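The next block holds one structure in the form of structure tokens; read it before the comments.
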Amino acid sequence: MALPTYATTGQKIWHYSYLTLCGLIFFFLIAPIIVIIPLSFNAEDFFTFTPKMLALDPEGYSLKHYRDFFTNPNWQQALVNSVKIAPVATLLSVSLGTLAAVGLSQSHVPFRRAIMAVLISPMIVPLIISAAGMYFFYSRIGLQGTYFGVVLAHAVLGVPFVIITVTATLVGFDRSLTRAAANMGADPVTTFFRVQMPLILPGVISGGLFAFITSFDEVVVVLFVGSAGQKTLPWQMFTGLREQISPTILAVATLLVVISICLLTVVELLRRRSERLRGMSPT
Amino acid sequence: MTETTQDGPMLAADGTPLKKSLRRALRAQKLRALGLIAPLLIFVLISFVAPIVDMLFRSVENQIVSDTLPRTVVALRDWDGEGGEAPGDEIFKALTYDFIVAAERKEHTRLGSRLNYEMTGISSLFRKSGRRVDDIGEDYLDQFKDLNDAWEEPATWVAMMASEGWVADQVAWSEARAAAKSADQDFETPEPAFALRPGVAKALPETADIYSAFARTIQTQDEDSPTEEEPWNPVYMALFNDLASNPDAASAFSGDVAALLSEAAAAVGNFETISPKDAFLDADEDWGDPMVWSTIKAFAPSYTSGYFLSAVDLQLTASGVQPQDEDQQIYMLLFKRTLFMSLMIMFSCILLGYPIAFLLSNLPMRQSSLLLILVLLPFWTSLLVRTSSWKVLLQQQGVINDILVWIGLVADDNRLVMINNQFGTIVAMTHILLPFMILPLYSVMKTIPPSYVRAAKSLGATDWTAFWRVYFPQSVPGIGAGCILVFILAIGYYITPELVGGTTGTFISNRIAYHISSSLNWGLAAALGTILLAVVLILYWVYDRIVGIDNVSLG
């Protein structure tokens with residue numbers, strides 16, 4: 001992207017204004033996420049910077065919104081529910097999804113396109129439609145408003161992510177490795193766990209992280225399929241934002257940003273490791 | 001390898017023809033692959049596809065009218081609504097029988113609220129009439145009673161209507177219950193289901209019909225017995241009608257009942273008659289409105305296109321499909337607004353996403369992967385976090401307004417309204433969906449060889465021509481993929497418009513949610529959802545054609 005030394009003044013102006021534009025767009029992308037972090041330490045119940053905060057006066061800052069989050073039973077119950085639902089849903093979608101991805105990556109699969117379309121559909125169908133359909137159907141079969149119903153719904157929503165990431169890892173998988181293992185006497189189960197699994201593990205883990213964040217962040221479906229007993233963190237944030245917006249939401253948002261930074265880092269590291277293992281290292 | 005010298009088909013090691021053996025191996029492989037996929041496929045079909053199909057079904061399902069008012073629906077078949085008048089006594093008689101059953105089972109209010117979606121006012125009409133319907137036929141009861149006090153006795157009716165088998169079962173059952181009671185045991189067995197005496201349905205058709213409905217209803221609803229309860233007043237009206245049209249009815253009976261009936265049959269000619277139509281009109285004069293009747297008739301079939309018609313601002317009437325009243329036409333507006341705003345969001349995403357993707361794909365790997373993190377961080381951040389930060393930023397007392405006031409661009413008492421309108425929704429959703437535009441664009445642009453642009457420049461093209469004629473056409477597939485992805489996601493968004501959209505910035509999905517949780521008009525919600533789903537599936541199909549679902553990348 002560097003400008004050649006013979007660039008004209010016009011080209012230079014164009015180049016630098018382009019870079020400025022890009023900087024502004026990056027600012028648009030990042031600033032809204034960053035700005036809530038200092039705001040969450042506000043000592044007042046305002047949603048903007050107080051003069052004391054701008055003067056960097058320590059009195060302008062406090063941890064009281066975090067204290068509220070960790071002591072308020074509503075928020076704590078929501079946190080507990082989220083932690084109870086997301087891992088189980090993830091486990092369900094990862095175990096079934098990995099198995100199916102292995103099946104899908106074989107060379108002769110009848111109706112492959114149709115099956116793929118069905119398995120990816122939870123990601124494509126708008127959430128409000130999934131939520132409406134599940135609400136009607138789960139009330140018919142008595143799953144509406146139960147923990148199991150919410151877990152089932154979230155697991156289905158996570159499936160496409162697992163399928164996509166794991167099949168992508170399997171594309172570069174060397175089939176002769178499984179054949180070699182079988183040749184040396186390993187049964188299919190051993191081959192899968194000792195040879196295939198370690199190699200596709202990065203894909204499985206990042207698929208799992210996607211499924212986890214889908215469930216952990218999901219609010220539309222849980223709003224309809226769940227009842228007050230399954231109130232999750234996003235649900236509590238949603239009602240908080242709609243009814244009486246309290247600054248505690250900013251503290252929760254900050255914690256969630258920290259969590260997503262951690263997840264992003266893990267996924268990035270896994271992706272690089274997987275590319276290196278498959279000899280597709282970026283140069 | 002000696003077999004190769006033989007004639008005939010090539011054989012595998014076990015002696016079977018190689019072709020057959022290969023085919024068997026292939027089939028085994030296919031079955032194994034399907035076996036691995038099956039658990040997930042079944043799981044997705046049951047917990048995701050079945051609910052969607054159920055929703056499609058619900059958008060046309062309409063059994064409630066014919067279930068609740070079966071007799072009226074049949075009677076209405078011949079009524080055409082011509083002449084602008086309400087139907088006659090015959091249909092009101094059917095309505096009386098249906099209504100007394102529905103009111104005792106408390107189903108008339110449900111039907112009332114269902115029909116209220118189609119015509120305002122029916123809900124209160126039904127509720128009011130449900131309280132009054134029991135009075136219809138009271139005059140007949142009095143006249144029968146004046147004739148003979150036995151007509152008031154439940155036992156008379158049981159002797160007349162019930163089958164002998166049922167009477168015997170009922171006696172055995174009540175003895176068992178008495179025995180259990182004296183032994184202080186729990187007795188949970190319900191009374192045997194009422195059964196009609198053979199021949200009654202022929203001699204006294206209306207009475208048999210309504211009396212057995214009465215018997216079943218009090219058995220299931222009140223857990224009471226027809227042996228102890230006096231029939232509803234409309235049952236007497238039915239008996240009067242039957243005796244008036246068939247004076248020989250008594251011949252089908254014997255003993256006391258036959259005597260009672262022939263006495264009554266002789267007397268009914270002098271009975272004072274009442275009109276069920278007048279009784280209903282007395283309860284609520286809206287029953288004289290032919291519009292009520294055409295609404296009931298229009299929604300009588302078990303499957304209806306009514307929900308879909310409402311979803312596109314039309315309405316179903318007895319005289320065909322007509323446009324909805326001017327002030328109730330909201331759905332086309334909402335669909336148009338949803339499309340318009342999704343397009344706006346899509347275009348803003350192209351405008352902001354293209355330069356970024358171009359920059360990322362032209363920078364050296366190390367720098368671009370660093371900058372890519374800035375794109376991926378919003379992608380990974382919770383949707384609610386991003387929505388709440390926009391809510392905080394855009395409020396009138398929020399950060400952006402504060403900065404504008406501080407700079408002096410905006411007066412303190414004239415702060416900009418940037419939230420709870422279309423602007424707020426478009427800004428917030430552009431921010432939320434931007435990564436979905438940048439990532440496909442970036443993955444396409446990465447594959448465009450830089451030598452093409454260099455070749456164009458060395459042939460004398462200006463920077464602009466080289467970009468516009470050489471680079472841009474090659475990036476179009478990326479734009480297409482990103483646009484469809486962003487558009488599909490935008491058109492079904494619910495959370496962000498709900499929180500920052502106010503009343504003018506909401507989407508069709510918000511209306512669906514409203515019908516599910518507030519107005520409880522599930523059929524309309526399902527119809528709106530089906531239309532939205534159809535749009536998305538068409539786009540999905542196009543996307544599959546252009547990009548392929550296998551090639552969806554996640555950063």
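Since we're looking at a predicted model, the values are computed, not measured. Each chain gets a letter, A, B and so on, in the order the sequences are listed, and its residues count up from 1.
Listed options A:Pro110, A:Ala31, A:Ser206, A:Gly149 were ranked by heavy-atom pairs under 4.5 angstrom with chain B; first place goes to A:Pro110. Contact count against chain A (heavy-atom pairs under 4.5 Å) is highest for B:Leu40 among B:Leu40, B:Asn510, B:Val385. Ranked by non-hydrogen atom pairs under 4.5 Å with chain B, the options A:Phe111, A:Phe224, A:Trp14 are led by A:Phe224. Comparing B:Pro435, B:Ser388, B:Gly398 by how many heavy-atom pairs each has under 4.5 Å with chain A, the most go to B:Ser388. Your options are B:Leu383, B:Leu352, B:Leu489, B:Thr430, and the one with the most heavy-atom pairs under 4.5 Å with chain A is B:Leu352. Ranking B:Ser47, B:Ser389, B:Ala513, B:Pro450 against chain A, the residue ahead of the rest is B:Ser47, based on heavy-atom pairs under 4.5 Å. With respect to chain A, the highest number of heavy-atom pairs below 4.5 Å among B:Leu528, B:Val392, B:Thr387, B:Val44 belongs to B:Val392. Chosen from B:Ser509, B:Gly353, B:Pro39, the residue pairing most often with chain A at heavy-atom distances under 4.5 Å is B:Ser509. The residue among A:Val252, A:Thr265, A:Asp217 with the most heavy atom pairs within less than 4.5 Å of chain B is A:Asp217. The candidate from A:Leu24, A:Val102, A:Leu29 with the greatest count of non-hydrogen atom pairs under 4.5 Å with chain B is A:Leu29.
Only the side chain of B:Leu393 comes within less than 4.5 Å of a heavy atom in chain A; its backbone stays farther off. Heavy-atom distances place no part of B:Leu394 under 4.5 Å from chain A, backbone and side chain included. Interface remark: A:Ile36 contributes side-chain atoms only to the contact with chain B (heavy atom separation under 4.5 Å). Only the side chain of B:Lys391 comes within less than 4.5 Å of a heavy atom in chain A; its backbone stays farther off. For a residue to count as touching a neighbouring chain, one of its non-hydrogen atoms must lie under 4.5 Å from one of that chain's; by this rule A:Val267 touches chain B with the side chain only. Of the two parts of A:Ile249, only the side chain, counted from C-beta on, holds a non-hydrogen atom closer than 4.5 Å to a non-hydrogen atom of chain B. Contact of A:Leu92 with chain B is made through the side chain alone, with heavy-atom distances under 4.5 Å. Contact annotation for A:Leu21: only side-chain heavy atoms (C-beta onward) come within less than 4.5 Å of a heavy atom of chain B. Only the side chain of A:Ile213 comes within contact range of chain B, with heavy atoms under 4.5 Å apart. For A:Leu223, the part lying under 4.5 angstrom from a heavy atom of chain B is the side chain only. Using a 4.5 Å cut-off between heavy atoms, A:Tyr135 contacts chain B through its side chain alone, with no backbone atom that close. Contacts between A:Ile141 and chain B at a heavy-atom distance below 4.5 Å are absent for every atom of the residue. Of the atoms belonging to A:Ile259, not a single heavy atom falls under 4.5 Å from chain B. The parts of A:Ser121 that come within reach of chain B are both its backbone and its side chain, each placing non-hydrogen atoms under 4.5 angstrom from that chain. With a 4.5 Å cut-off on non-hydrogen atoms, B:Leu499 touches chain A through its side chain but not through its backbone. If you measure heavy-atom distances from B:Val49 to chain A, the contacts under 4.5 Å come from the side chain alone. For A:Leu250, the part sitting under 4.5 Å from any heavy atom of chain B is the side chain, from C-beta outward, and nothing else. In this structure, the portion of A:Tyr138 lying under 4.5 Å from any heavy atom of chain B is its side chain and not its backbone.
The backbone N or O of B:Ile512 sits nowhere less than 3.5 Å from a side-chain atom of B:Tyr494 that would complete a donor-acceptor pair. Under a 3.5 Å cut-off, the side chain of B:Arg58 and the backbone N or O of B:Trp522 do not form any donor-acceptor pair.
Distance check, rounded to the nearest 0.5 Å: OG of A:Ser130 to CE of B:Met55 gives 9.0 Å. Of the inter-residue distances, the one linking A:Gln144 atom CD with A:Phe136 atom CZ reads 11.0 Å to the nearest 0.5 angstrom. In this structure, the separation between CD1 on B:Ile356 and SG on A:Cys22 is 4.5 Å, given to the nearest 0.5 Å. In this structure, A:Ile129 CD1 and A:Met134 CE are separated by 12.0 Å, a value rounded to the nearest 0.5 Å. To the nearest 0.5 angstrom, A:Ile33 atom CD1 is 10.0 Å from B:Ser382 atom OG.
Of the listed residues (A:Leu127, A:Val220, A:Leu241), just one forms a side chain to side chain contact (heavy atoms under 4.5 Å, CB included) with B:Ile495, and that residue is A:Val220. For the side chain to side chain contact (heavy atoms under 4.5 Å, CB included) test with B:Ile403, the passing option among B:Val399, B:Asn401, B:Val405, B:Ile400 is B:Val399; the others fail.
Ring centroid separation for the pair B:His431 and B:Trp390 comes in under the 6.0 Å cut-off. Two rings, from A:Phe216 and A:Trp235, have their centers 6.0 Å or more apart. In this structure, B:Trp380 has its ring center under 6.0 Å from that of A:Phe210. For B:Phe379 and B:Phe436, the distance between ring centers is under 6.0 angstrom.
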Sequence neighbours left out, cut at 3.5 Å: what donor-acceptor pairs do the side chains of residues 153-162 of chain A make with other protein atoms?
unit_1	atom_1	unit_2	atom_2	d
A:His154	ND1	A:Ser215	OG	3.0
A:His154	NE2	A:Glu218	OE1	3.2

Could you list the donor-acceptor pairs under 3.5 angstrom formed by side chains in residues 365-378 of chain B, with sequence neighbours left out?
unit_1	atom_1	unit_2	atom_2	d
B:Ser368	OG	B:Met365	O	3.1
B:Ser369	OG	B:Met365	O	3.0
B:Ser369	OG	B:Arg366	O	3.2

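Using the six-membered ring where Trp is involved, B:Phe467 and B:Trp464 have ring planes that are tilted, between 30° and 60° apart.
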